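Protein chains get the first letters and strands the later ones, always in sequence-line order, with residue 1 at the start of each. Everything numeric in this text was worked out from a predicted model, so none of it was measured.
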Amino acid sequence: MKLSELMRRHDLKAVTPPDGDPEIRSVRPLEAAGEGDLSFLNNRKYRQQAVETKATAVLTAEPIPDCEAVQLLCREPYAVLARILADLHPEPAYPASVHPSAVVDPSARIHPECHIGPHCVVEAGAVIGAGTVLVNGVTVGRDCRIGAACRLFPHTVLYHGVTLGDRVRIHANSVIGSDGFGYAQTGGIHLKVPQVAGVRIEDDVEIGSNVSIDRGALSDTVIGKGSKIDNLVQVAHGVKIGEHCLVISQSGISGSATLGRYTVLAGQVGVVGHVHVGDQVVVMGDSVVTKDLPGPGQYAGNPAVPHMQYQRQKARERNLAKLEKRLKSLESAVNTKGETSC
Amino acid sequence: MKLSELMRRHDLKAVTPPDGDPEIRSVRPLEAAGEGDLSFLNNRKYRQQAVETKATAVLTAEPIPDCEAVQLLCREPYAVLARILADLHPEPAYPASVHPSAVVDPSARIHPECHIGPHCVVEAGAVIGAGTVLVNGVTVGRDCRIGAACRLFPHTVLYHGVTLGDRVRIHANSVIGSDGFGYAQTGGIHLKVPQVAGVRIEDDVEIGSNVSIDRGALSDTVIGKGSKIDNLVQVAHGVKIGEHCLVISQSGISGSATLGRYTVLAGQVGVVGHVHVGDQVVVMGDSVVTKDLPGPGQYAGNPAVPHMQYQRQKARERNLAKLEKRLKSLESAVNTKGETSC
Amino acid sequence: MKLSELMRRHDLKAVTPPDGDPEIRSVRPLEAAGEGDLSFLNNRKYRQQAVETKATAVLTAEPIPDCEAVQLLCREPYAVLARILADLHPEPAYPASVHPSAVVDPSARIHPECHIGPHCVVEAGAVIGAGTVLVNGVTVGRDCRIGAACRLFPHTVLYHGVTLGDRVRIHANSVIGSDGFGYAQTGGIHLKVPQVAGVRIEDDVEIGSNVSIDRGALSDTVIGKGSKIDNLVQVAHGVKIGEHCLVISQSGISGSATLGRYTVLAGQVGVVGHVHVGDQVVVMGDSVVTKDLPGPGQYAGNPAVPHMQYQRQKARERNLAKLEKRLKSLESAVNTKGETSC
């Protein structure tokens with residue numbers, strides 16, 4: 001694509017008018033880009049790389065002095081990058097078809113525009129909307145309802161009674177609707193508490209690989225519209241995640257906890273059961289949320305406290321060696337004075 | 001079901017005799033329940049919800065003043081709830097059959113009462129007991145022995161030489177018997193140590209989704225009778241988990257570590273290799289067990305110490321700012337006195 | 001196998017010449033071994049067990065006083081054990097064949113010496129080298145290139161454009177090449193950033209079960225030659241892991257982070273995005289790497305600091321109670337003196 005065409009389609013302006021109209025052939029990171037490549041600067045950490053890049057053009061939110069590439073100014077370089085990439089790399093289409101090795105219950109209602117790949121299983125009463133793709137080896141349990149234009153990657157498993165909105169993407173080997181971890185201790189054993197509610201996943205949710213989302217015990221587990229869940233995340237029974245949240249890899253949310261809207265759990269965070277994490281809260285990586293956190297705000301630590309408080313506390317802890325020294329010199333001073341005053 | 005029938009079947013008494021004999025149609029949490037619903041109070045945190053609930057009846061261990069629902073007294077409301085739910089929602093039965101798309105080695109011995117669903121693979125020498133269900137896409141490796149009335153959800157994988165007792169449930173995409181992480185560093189490479197023992201899972205164990213349980217290097221990995229393992233848990237080679245333990249989501253147990261009986265690992269706990277966690281120990285969430293912990297007792301922190309000690313230590317750390325102030329004012333006092341005494 | 005034969009094949013010397021030439025029938029841990037068993041001492045923690053063992057012979061790096069078994073001296077007992085086990089327990093061979101239930105695109109080029117097991121899917125343009133085994137239910141996406149003598153266990157999923165070297169092993173239910181977690185926040189939604197690069201896994205890498213390795217956004221995710229990855233590990237988009245690294249269970253490496261060579265992440269470690277962990281660095285369990293760590297060296301804590309510094313800091317924190325007492329007695333002393341001096 002010609003640079004001028006790219007600029008026109010994505011409404012970009014150059015800091016300095018480009019020399020001619022070079023061809024843009026691919027998108028590469030700053031340090032790997034060369035002639036014919038578009039690159040982008042989204043993290044100031046990489047500013048020096050932007051100066052040194054051999055890319056033909058660079059998306060940037062502000063002019064980069066000494067950068068010789070054509071600098072394409074845009075308020076949101078990362079969003080523009082996303083749109084350009086989607087333009088250049090459309091997702092592979094799958095033909096509307098049901099593979100002969102798929103096992104589909106006759107009572108399932110599958111829109112004729114769906115792709116049901118090899119070795120899928122679709123159980124009784126399931127409903128699947130237009131344009132949805134089950135890549136291969138996908139299990140859709142009894143009475144699931146899947147919206148339109150969803151894409152379920154290999155070996156995702158939906159237990160019975162799971163509902164997906166439209167444009168939901170679930171990556172390989174994730175499990176939606178397995179039994180919540182509910183047992184009643186009685187007579188020396190752990191008696192299973194049947195988990196009789198379902199899971200509801202709203203429109204435009206994307207779920208990574210190897211994720212576990214349990215069905216509700218009595219009320220549905222819910223993932224709100226537009227939320228994104230990374231790989232290896234645990235969502236326990238009855239959790240309600242609001243709209244447009246981000247839950248980053250290896251985080252775990254215990255039973256009946258709730259997240260607000262635009263809430264972010266960074267990696268390896270734990271949230272204990274029955275607490276509420278408010279709107280626009282960001283919980284820093286490796287933290288543990290043990291009680292309700294009002295939003296908006298940043299929190300960190302175990303237990304998670306406001307981030308500023310966490311940092312002050314950490315600074316005090318790092319300062320302990322100096323504290324000890326001050327105490328020691330004070331002890332000498334007091335003892336010496338004691339002797340002097342005798 | 002009529003309330004009177006429910007009370008009779010589960011041996012329940014009402015705090016105040018109910019007004020008539022209402023129909024109980026479903027079970028719902030306190031805040032969502034309405035007419036015709038049974039609910040329950042199991043966590044005092046929700047007491048106010050019990051007062052405000054619109055449920056027709058509530059299971060409770062003690063009378064709730066001002067609650068207008070029929071209060072059904074029982075020592076263990078959660079266990080009674082479990083039994084009522086199992087009554088109302090029996091697990092779906094699967095017919096005894098072997099799906100034509102399953103690939104079963106002729107030397108496998110499968111009880112005629114089993115359900116072997118679509119796309120399962122059962123390798124040579126495997127034995128499967130009466131009433132066991134392999135839902136679909138389940139792999140049963142060479143020489144596995146599976147007891148009666150087990151249920152293996154989609155895409156669980158048993159490597160060769162895994163033994164399951166009776167009534168074992170394994171949720172989707174869990175893996176039992178993959179190679180333990182054993183390498184000998186030699187000549188600049190990590191030389192694989194063959195993992196030649198198996199995995200033994202005893203009766204009434206339930207295992208969540210996306211769990212990894214490795215086979216033993218030289219001695220079997222063992223999960224004791226009645227233990228329950230949540231989603232995304234790691235059990236390394238040669239681990240021995242005793243009877244009736246609970247291992248909560250995203251915990252990891254390193255090689256050759258052992259748990260006693262009725263031991264609980266809360267979420268995201270780590271246990272290092274070769275240590276023993278005693279009977280009736282509870283390790284709090286996000287802790288790391290680095291040495292043997294005698295039971296019974298509660299432990300927390302990294303390294304895990306008795307919970308009281310952990311809390312005192314945390315309190316001292318939170319108190320650091322005050323400690324600094326006291327030190328500072330003492331420094332002024334000593335300096336001032338120094339001047340005064342000159 | 002006769003003991004003399006074993007000693008000859010693995011070039012072992014006995015501390016004291018054995019009494020006769022006993023038959024070695026199996027390999028067992030010290031405490032479980034009996035007559036006819038070979039055992040080994042690799043961890044001094046088990047020295048007493050070596051004294052008490054009933055094994056016929058024991059591999060050891062140094063003589064064990066009072067041990068009555070034949071002591072077979074070798075510099076690297078664990079490496080010798082690995083070789084002996086590989087001798088005694090060769091991996092099961094799978095015949096060269098393509099199972100009729102596998103769905104293989106006609107454009108895929110599969111070496112005639114491969115085993116493609118039941119319910120596998122091999123998409124267009126894939127290339128698979130000699131001797132590679134796809135056990136069953138394995139998905140190989142469009143244009144993947146798999147080398148020779150690889151073994152992919154049940155239900156591993158390779159998305160399109162994944163490259164594996166030779167002798168790569170991937171355990172069950174692991175996912176290679178799922179989309180990285182990349183979204184651009186714009187207009188109140190998280191806009192997906194297409195992930196258009198691939199994954200490259202070099203020779204002799206072994207990957208555990210339930211692992212997630214995401215494809216790169218713009219530059220490939222890379223796992224270097226000889227590295228070993230344990231179960232339930234997360235490797236985000238664009239991560240570069242060097243050669244001969246060990247990444248232990250439940251660790252997570254965020255986007256664009258890099259590991260050097262011979263680097264070890266112990267269990268449940270987190271590495272934040274865009275940092276470099278140097279050659280021969282060992283990060284202790286449960287730590288969080290928040291900035292570049294030069295190697296070689298041991299690091300621990302959140303944020304990870306040199307291990308000695310971490311231990312001194314922990315000691316200071318444990319010492320807080322004493323610090324408080326010293327401060328208190330100093331306060332009394334100063335106050336008393338104050339009174340005295342009035």
**Distance-only polar pair, side chains of C:Tyr262 and B:Gln185, donor-acceptor under 3.5 Å** = no
**Asked** Are C:Phe153 and B:Val157 side-chain neighbours, meaning at least one heavy-atom pair lies under 4.5 Å?
**Response** no
**Interface moiety of B:Arg312 toward chain C, non-hydrogen atoms closer than 4.5 Å** = neither
**Contacting moiety of C:Val211, where chain B heavy atoms sit under 4.5 Å** = neither
**Prompt:** Sub-3.5 Å donor-acceptor pair from the side chain of B:Gln234 to the main-chain atoms of C:Gln250, do we have one?
**Reply:** no
**Asked** Should B:Leu327 and C:Leu330 count as side-chain neighbours, where that means a heavy-atom distance under 4.5 Å?
**Response** no
**Request:** Please answer whether the main-chain N or O of B:Gly137 pairs with a side-chain N or O of C:His155 as donor and acceptor at a distance below 3.5 Å.
**Result:** yes
**Prompt:** With side chains defined as the heavy atoms from C-beta onward, is the minimum distance between B:Val196 and C:Val27 less than 4.5 Å?
**Reply:** no
**Request:** Spell out, as yes or no, whether a donor-acceptor pair under 3.5 Å connects the side chain of C:Lys45 to the backbone of B:His274.
**Result:** yes
**Item:** For chain C, the option from B:Gly270, B:Ala197, B:Ala236 that forms the most heavy-atom pairs under 4.5 Å
**Value:** B:Gly270
**Message:** Distance check, rounded to the nearest 0.5 Å: C:Lys322 atom NZ versus B:Arg316 atom CZ?
**Reply:** 11.0 Å
**Asked** Taking B:Ile189, B:Thr290, B:Thr186 one by one, which has the highest count of heavy-atom pairs under 4.5 Å against chain C?
**Response** B:Thr186
**Asked** Highest number of heavy-atom pairs under 4.5 Å with chain C: which of B:Leu232, B:Leu191, B:Asp179?
**Response** B:Asp179
**Prompt:** Contact part of B:Gln313 toward chain C, heavy-atom cut-off under 4.5 Å: side chain, backbone, both or neither?
**Reply:** side chain
**Request:** Please tell me if the side chains of B:Phe181 and C:Leu246 come closer than 4.5 Å, counting only heavy atoms from C-beta onward.
**Result:** yes
**Prompt:** Using a heavy-atom distance cut-off of less than 4.5 Å, which residues of residues 74-84 of chain C contact chain B?
**Reply:** C:Glu76, C:Tyr78, C:Ala79, C:Leu81, C:Ala82, C:Arg83
**Asked** Are there more than 12 heavy atoms of other residues, nucleotides or ligands under 6.0 Å from atom CE of B:Met308?
**Response** no
**Item:** Sub-4.5 Å side-chain heavy-atom contact between B:Ser219 and C:Arg28
**Value:** no
**Request:** Starting from the C-alpha separation in whole Å, work towards a yes-or-no answer on side chain to side chain contact (heavy atoms under 4.5 Å, CB included) for B:Asp214 and C:Asn231.
**Result:** CA-CA 9 Å; B:Asp214 280 344; C:Asn231 305 330; 3.0 Å; yes
**Asked** So what's closer than 4.5 Å to chain B heavy atoms on C:Ala266: side chain, backbone, both or neither?
**Response** neither
**Asked** Among B:Gln195, B:Lys192, B:Glu317, which residue forms the greatest number of heavy-atom pairs with chain C at distances under 4.5 Å?
**Response** B:Lys192
**Request:** Using a cut-off of 6.0 Å, state whether more than 12 heavy atoms not belonging to C:Lys328 lie near its atom NZ.
**Result:** no
**Main-chain N/O of C:His244 paired to B:His190 side chain as donor or acceptor, under 3.5 Å** = yes
**Message:** Report which part of C:Asn136 has an atom under 4.5 Å of a heavy atom belonging to chain B: side chain, backbone, both, or neither.
**Reply:** side chain
**Message:** For C:Val135 and B:Val121: C-alpha separation, side-chain torsions, deciding distance, then whether side chain to side chain contact (heavy atoms under 4.5 Å, CB included) applies.
**Reply:** CA-CA 10 Å; C:Val135 177; B:Val121 171; over 6 Å; no
**Approximate separation, where rounding is to 0.5 Å, of B:Ser178 OG and C:Asn210 CG** = 8.0 Å
**Request:** Name the region of C:Lys225, side chain, backbone, both or neither, that has any atom closer than 4.5 Å to a heavy atom of chain B.
**Result:** neither
**Request:** Please determine, among C:Asp230, C:Leu85, C:Asp286, the option with the most heavy-atom pairs under 4.5 Å with chain B.
**Result:** C:Asp230
**Message:** Heavy atom to heavy atom, less than 4.5 Å: which residues from residues 168-176 of chain B reach chain C?
**Reply:** B:Asn173, B:Ser174, B:Val175
**Request:** Count the heavy atoms belonging to other residues, nucleotides or ligands that lie under 6.0 Å from CZ of C:Arg167, then report whether that count exceeds 12.
**Result:** yes
**Prompt:** Under a 4.5 Å heavy-atom cut-off, does chain C meet the side chain of B:Leu323, its backbone, both or neither?
**Reply:** both
**Message:** Quick check on B:Ser209 against chain C: is it the side chain, the backbone, both or neither that has a heavy atom closer than 4.5 Å?
**Reply:** neither
**Item:** Portion of C:Asn43 that has a non-hydrogen atom of chain B nearer than 4.5 angstrom
**Value:** side chain
**Asked** Tell me, side chain or backbone of B:Gln268 under 4.5 Å from chain C's heavy atoms, or both, or neither?
**Response** backbone
**Asked** Can you check whether B:Leu320 reaches C:Leu320 side chain to side chain, under 4.5 Å on heavy atoms?
**Response** yes
**Asked** Measuring heavy-atom distances to chain C, does B:Val272 have an atom under 4.5 Å in its side chain, in its backbone, in both, or in neither?
**Response** neither
**Complete:** Counting heavy-atom pairs under 4.5 angstrom with chain C, the leader among B:Asn302, B:Val288, B:Val305, B:Asn319 is B:Asn302
**Request:** Tell me, for B:Val269 versus chain C, whether the close heavy atoms (under 4.5 Å) come from the side chain, the backbone, both or neither.
**Result:** backbone
